[in-house]
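Following: one structure in structure tokens, then a few remarks.
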Amino acid sequence: MKRNRESMEIVWQTPANPPERHDYIFRNGIRYVKPYYFEFISHAKNRWAGKTIVDLFADEFKGRNRDYYDSAVKSGRIQVDGKTVPVSYRVQSSQKISHFVHRHEPPVMALDVKILHQGEEVLTVCKPASVPVHPCGQYRKNTVVGILQAEHDLAPLFPVHRLDRLVSGLLILARSASQADIFRQQIESGTVQKQYIAKVVGEFPEEEQVVKLRVNFNAREGRSTTEVKKDLNLVNVYF
């Protein structure tokens, strides 16, 4: 059966639309996000003023090439103040710039974000490996903040610190911006410190070791590892 595309309504999501439980699909231990239409919104900075709309995107958003942005402006997928503009249009300060895309987020491991402590001012969770802390790059819903909002209706949340996407561990999130600032000040002053714990397979030396090696993530095993060679002995370190 053919569908009349003109009669199909496209619902655009913006940053104001929260992630919801039905946005996710779980398959073979992997968490997927259903593809969705999204409006990226930004407001022109003073240093952008006077640039053509294509030059602006090519200079500031290097994730796509210039030909893509040229096509996006011509087709209306990039708009200024809600209107289609020519590729020669010069942006003015504070104007609303919209970029409409059909978004496909990368999948992550289907591990729960376990809540360890939930208070009025702070939330402590166990962050699973492969999941970024907050929206960034290609990730928006497949994040710790997004999952907590979708599955536990916890919002707003303000990360006090970050853990790399591939790392699992204790994560502290504030329930308000003011409380987040207090925690950040404590971390900067050394009152609060982060400590990583690694599981070691092999004969590890007793003295202190400083390891500056790349940490590799194994999606199938759900853990990050690195290999340390000490006196011809190979030691595997698991995070």
Side-chain angles (χ1 to χ4, degrees), residues 13-36 38 103-200 211 214-226 237-239:
Q13 298 185 29
T14 72
N17 296 104
E20 299 183 32
R21 188 181 292 270
H22 61 73
D23 292 335
Y24 301 94
I25 298 174
F26 299 89
R27 186 183 302 122
N28 299 326
I30 301 296
R31 178 192 292 265
Y32 297 89
V33 173
K34 297 177 183 177
Y36 56 97
F38 190 74
R103 198 166 189 187
H104 298 255
E105 292 194 28
V108 299
M109 296 187 63
L111 299 172
D112 292 334
V113 179
K114 297 180 181 179
I115 298 176
L116 305 179
H117 171 77
Q118 183 174 345
E120 294 183 359
E121 297 182 337
V122 66
L123 181 73
T124 306
V125 303
C126 183
K127 173 196 166 318
S130 81
V131 183
V133 173
H134 54 73
C136 58
Q138 300 180 71
Y139 298 89
R140 176 173 171 258
K141 299 181 182 184
N142 255 349
T143 63
V144 171
V145 171
I147 293 170
L148 288 171
Q149 186 170 9
E151 298 185 350
H152 300 279
D153 197 26
L154 289 168
L157 294 174
F158 301 84
V160 173
H161 62 100
R162 292 190 306 169
L163 293 174
D164 290 343
R165 182 175 64 85
L166 301 183
V167 175
S168 63
L170 192 69
L171 184 67
I172 301 174
L173 303 108
R175 306 294 298 274
S176 66
S178 59
Q179 188 62 40
D181 287 336
I182 293 175
F183 273 108
R184 292 191 188 104
Q185 292 172 12
Q186 292 176 338
I187 292 175
E188 291 174 359
S189 65
T191 305
V192 177
Q193 296 180 342
K194 290 192 294 183
Q195 184 178 28
Y196 291 87
I197 299 176
K199 295 181 180 180
V200 178
V211 179
R214 180 182 179 87
V215 177
N216 301 306
F217 176 68
N218 187 315
R220 179 175 297 179
E221 297 180 0
R223 60 186 179 185
S224 299
T225 66
T226 189
V237 183
Y238 298 86
F239 297 91

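The first residue of the sequence shown is numbered 1, and numbering continues consecutively from there. Values below: every heavy atom of this structure, side chains too, minus hydrogens, waters and symmetry copies.
Leu148 places a side-chain heavy atom less than 4.5 Å from the side chain of Leu173. Residues Asn17 and Phe38 are not in side-chain contact: their nearest non-hydrogen atoms beyond the backbone lie 4.5 Å or more apart.
Atom NZ of Lys127 is separated from atom CZ of Arg165 by 8.5 Å, given to the nearest 0.5 angstrom. Note that CG of Leu163 and CD1 of Ile172 are 9.5 Å apart. Values are rounded to the nearest 0.5 Å.
Across Ser168 and Ala129, no two heavy atoms sit closer than the pair CB-N, 3.6 Å. Of all heavy-atom pairs spanning Val160 and Ala174, the tightest one is CG2-N, 3.9 Å.
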Taking only distance into account, with no hydrogens and no angle test, what donor-acceptor pairs under 3.5 Å do side-chain atoms of residues 111-120 form with protein atoms, sequence neighbours excluded?
none

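Each of Val167, Leu171, Thr143 was compared with Val133 under the side-chain contact (heavy atoms from CB on, under 4.5 Å) criterion, and only Leu171 meets it.
Applying the side chain to side chain donor-acceptor pair (under 3.5 Å) definition to pairs two or more places apart or across chains, those involving residues 175-184 are Ser176-Ser178, Asp181-Arg184. Applying the salt bridge (charged side-chain N to carboxylate O under 4.0 Å, His left out) test to residues at least two apart or on different chains, the pairs with a partner in residues 130-151 are Asp23-Lys141, Arg31-Glu151.
Legend: residues meeting side chain to side chain contact (heavy atoms under 4.5 Å, CB included) with Pro106, ordered by chain and number and at least two apart, are Gln138, Tyr139. Qualifying side chain to side chain contact (heavy atoms under 4.5 Å, CB included) partners for Pro107, counting only residues two or more places apart in sequence or in other chains: Ile30, Tyr32. Under the side chain to side chain donor-acceptor pair (under 3.5 Å) criterion, Glu121 pairs with no residue at all, not counting sequence neighbours. Judged as a side chain to side chain donor-acceptor pair (under 3.5 Å), and not counting sequence neighbours, the contacts of Glu105 are Tyr36. Residues passing the ring-ring contact (aromatic ring centres under 6.0 Å, His included) test with His161, sequence neighbours excluded: none. By the side chain to side chain contact (heavy atoms under 4.5 Å, CB included) test, His134 is found to be paired with Cys136, Val145, Pro159, Arg162, residues two or more places apart in sequence or in another chain being considered.
Under a 3.5 Å cut-off, the side chain of Lys34 and the backbone N or O of Ile25 do not form any donor-acceptor pair.
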